[in-house]
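Shown next, in structure tokens, is the structure this report addresses.
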Number of protein chains: 2
Amino acid sequence: MTTTGLDGFALLDETWRAVTPEAARRMLIAAVQAFADKGYHATTTRDIASLAGMSPAAVYIHYRSKEELLFNISLVGHETSLALLSAIEGGDAVQRLENAVAKFAGWHAEFHTTARVVQYELSALSREHHAQVAELRRQIERRMRAFIADGVEEGVFDVPDLKGATLAVLSLCIDVARWYQPGGKRTPDEIGALYADLVLRMVRPAS
Amino acid sequence: MTTTGLDGFALLDETWRAVTPEAARRMLIAAVQAFADKGYHATTTRDIASLAGMSPAAVYIHYRSKEELLFNISLVGHETSLALLSAIEGGDAVQRLENAVAKFAGWHAEFHTTARVVQYELSALSREHHAQVAELRRQIERRMRAFIADGVEEGVFDVPDLKGATLAVLSLCIDVARWYQPGGKRTPDEIGALYADLVLRMVRPAS
DNA sequence: CTCCATACTAAGCGGTTGCTTAGATCTAAG
DNA sequence: CTTAGATCTAAGCAACCGCTTAGTATGGAG
């Protein structure tokens with residue numbers, strides 16, 4: 001999961017590899033960095049353009065508006081984190097939940113730049129774009145709830161309030177994007193492991 | 001804790017009761033609502049003034065700048081939530097942690113409008129103001145860590161990573177401000193109770 | 001009554017915003 | 001070489017930003 005030895009830009013480039021042409025990708029990466037750093041509304045199209053090394057007008061060659069840049073980031077970001085959960089299979093319910101929390105929390109640390117935009121700029125999206133992203137968020141919630149429900153059915157988890165526990169687990173992982181700092185003491189993998197342990201403690205039976 | 005039967009404005013009014021004169025308080029409350037709703041940078045001083053029922057220039061009678069409005073909100077918000085934790089005493093370590101999580105999470109639900117500004121607009125503060133608020137945040141972290149450490153010393157909690165657990169508990173409570181909606185299924189008190197239960201499960205010994 | 005501090009508004013200033021236009025430059029096909 | 005299409009820049013537009021200025025209303029002290 002963790003791609004050590006790569007700087008922030010290389011990590012972002014990894015996420016947005018599929019975006020072409022290259023200038024459009026550079027623009028997206030610049031937008032992610034700027035939005036994550038100062039917030040969507042505090043970022044100007046001139047900020048983005050100059051970060052991408054181009055003129056302000058070049059933004060509008062590849063994107064209809066500043067909001068469309070945000071939508072692209074939000075969409076790909078949600079799809080990526082959903083794919084992470086969807087890829088988890090095999091093992092028992094304990095291993096699957098452990099895996100899910102470790103990957104999901106780890107992603108919010110390693111790709112905290114993207115994750116911050118994804119999680120904290122939802123309200124800046126247009127009505128239609130927001131609805132599209134909201135559907136992805138419901139799918140993410142459904143996946144995580146299923147991982148917990150599986151263990152309850154198997155009798156290895158004790159969870160009095162399934163929806164409440166799902167909410168708390170997702171919330172815990174998502175909030176990593178808020179406080180995580182690359183220079184900190186914990187690596188994304190360590191955060192994933194810590195959180196997986198804490199969540200398993202939360203759902204384990206009493207004795 | 002929960003003050004049922006009061007609308008959003010009355011709740012805000014309760015928090016900012018000490019601010020005088022009345023026009024300055026109305027301005028602060030308008031700012032909290034606008035900042036929470038659209039974010040600091042997307043809110044204009046004209047928005048705030050018109051929400052308070054006054055002219056744009058009236059803002060500057062009572063506050064030096066838009067940032068000073070934010071600082072006032074952030075400072076009082078942090079002081080309020082710190083006071084919540086500081087007021088907890090008596091009982092055993094289990095009860096104190098249960099109480100602390102219930103109150104702290106509950107506050108982030110009930111006063112989610114204020115809490116959102118407090119938690120998500122830190123980067124909009126000036127250097128000096130940010131430093132002042134950061135000190136309060138360190139005190140909050142210290143308080144919560146002490147509640148957990150007490151139980152470890154008494155032998156009623158099993159926590160392999162004290163700092164990691166503290167981080168997770170605070171993070172869990174704080175993130176309530178992001179997802180909480182007044183019309184939702186759970187009341188602030190119910191969220192507090194749910195979260196207190198989940199946290200106690202997280203720190204209980206394996207037995 | 002006068003005097004004066006306080007609280008407010010109408011108008012607007014300089015600067016910045018998202019975005020557009022007109023035109024330059026490049027590449028590749030005919 | 002010519003042409004067409006795509007990609008970029010320089011310049012700038014209308015709207016809006018945080019904040020200021022000049023002036024008005026109010027109410028209490030002397």
Side-chain angles (χ1 to χ4, degrees), chain A residues 13 16 18-74 117 121-130, chain B residues 13 16 18-74 117 121-130:
Chain A
D13 211 40
W16 310 103
V19 179
T20 53
E22 198 233 344
R25 178 170 58 253
R26 274 194 359 245
M27 211 79 82
L28 247 186
I29 292 172
V32 173
Q33 290 180 307
F35 290 166
D37 195 45
K38 317 197 295 175
Y40 175 80
H41 289 291
T43 300
T44 70
T45 55
R46 286 166 178 82
D47 289 337
I48 298 167
S50 85
L51 254 177
M54 305 179 83
S55 78
V59 174
Y60 296 89
I61 307 282
H62 303 285
Y63 301 95
R64 257 190 268 275
S65 66
K66 181 180 153 188
E67 191 270 346
E68 203 183 83
L69 267 167
L70 176 64
F71 175 59
N72 270 284
I73 295 164
S74 194
V117 181
E121 302 294 354
L122 286 171
S123 66
L125 291 167
S126 71
R127 257 186 108 82
E128 296 78 15
H129 288 165
H130 182 89
Chain B
D13 212 40
W16 308 104
V19 180
T20 52
E22 197 233 344
R25 177 169 61 252
R26 270 186 14 235
M27 211 78 83
L28 246 187
I29 292 172
V32 173
Q33 290 180 307
F35 291 165
D37 194 45
K38 316 197 292 175
Y40 175 80
H41 289 291
T43 300
T44 70
T45 54
R46 287 164 178 83
D47 290 337
I48 298 167
S50 85
L51 255 176
M54 306 179 84
S55 79
V59 174
Y60 297 89
I61 306 285
H62 302 285
Y63 301 95
R64 256 190 270 274
S65 65
K66 181 179 153 187
E67 191 270 347
E68 202 182 85
L69 268 166
L70 175 64
F71 175 60
N72 269 283
I73 295 165
S74 194
V117 181
E121 303 293 354
L122 285 172
S123 66
L125 291 167
S126 72
R127 258 186 107 82
E128 296 78 15
H129 288 163
H130 181 91

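Atoms considered below: every heavy atom in the structure, side chains included; atoms not considered: hydrogens, waters and symmetry mates.
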Fill in: Nucleic acid contacts of residues 44-54 of chain A, taken as heavy-atom distances under 4.0 Å to DNA chain C
A:T44, A:T45, A:R46

Item to complete: Could you tell me which non-hydrogen atom of B:T43 sits nearest to which non-hydrogen atom of B:A34, and how far apart they are?
Response: OG1-O, 3.2 Å

Fill in: Nearest non-hydrogen partners of B:S74 and B:L122, listed with the distance
OG-CD2, 4.2 Å

Discussion item. What verdict does the side-chain contact (heavy atoms from CB on, under 4.5 Å) test give for B:H129 and B:L70, after you've listed the backbone C-alpha separation in whole Å, the side-chain angles of each residue and the deciding distance to 0.1 Å?
Written reply: CA-CA 10 Å; B:H129 288 163; B:L70 175 64; over 6 Å; no

Item to complete: Looking only at non-hydrogen atoms, find the nearest pair between A:I48 and A:A30 and report the distance.
Response: O-CB, 3.5 Å

Practice prompt. Would you check if the side chain of A:R26 reaches a backbone N or O of A:A52 as a donor-acceptor pair within less than 3.5 Å?
Written response: yes

Worksheet item: Under a criterion of less than 4.0 angstrom to any heavy atom of chain A, what are the 5'-terminal and 3'-terminal contacting nucleotides of DNA chain C?
Response: C:dT17 to C:dT21

Worksheet item: Donor-acceptor pair, B:K66 side chain versus B:Y40 backbone, under 3.5 Å?
Response: yes

Worksheet item: Given atom CD1 of B:I61 and atom C1' of D:dT21, what is their separation to the nearest angstrom?
Response: 11 Å

Fill in: Nearest-Å distance for atom pair CG/C1', residues B:L69 and D:dG18
12 Å

Fill in: B:V32 side chain near B:I29 side chain, heavy-atom distance below 4.5 Å
no

Response to the item:
For A:R46 and A:P56, the nearest pair of non-hydrogen atoms, with its separation, is CG-CG, 3.8 Å

Discussion item. Please compare A:A42 and A:A57 by the position of their nearest nucleotide in DNA chain C and report the one closer to 5'.
Written reply: A:A42

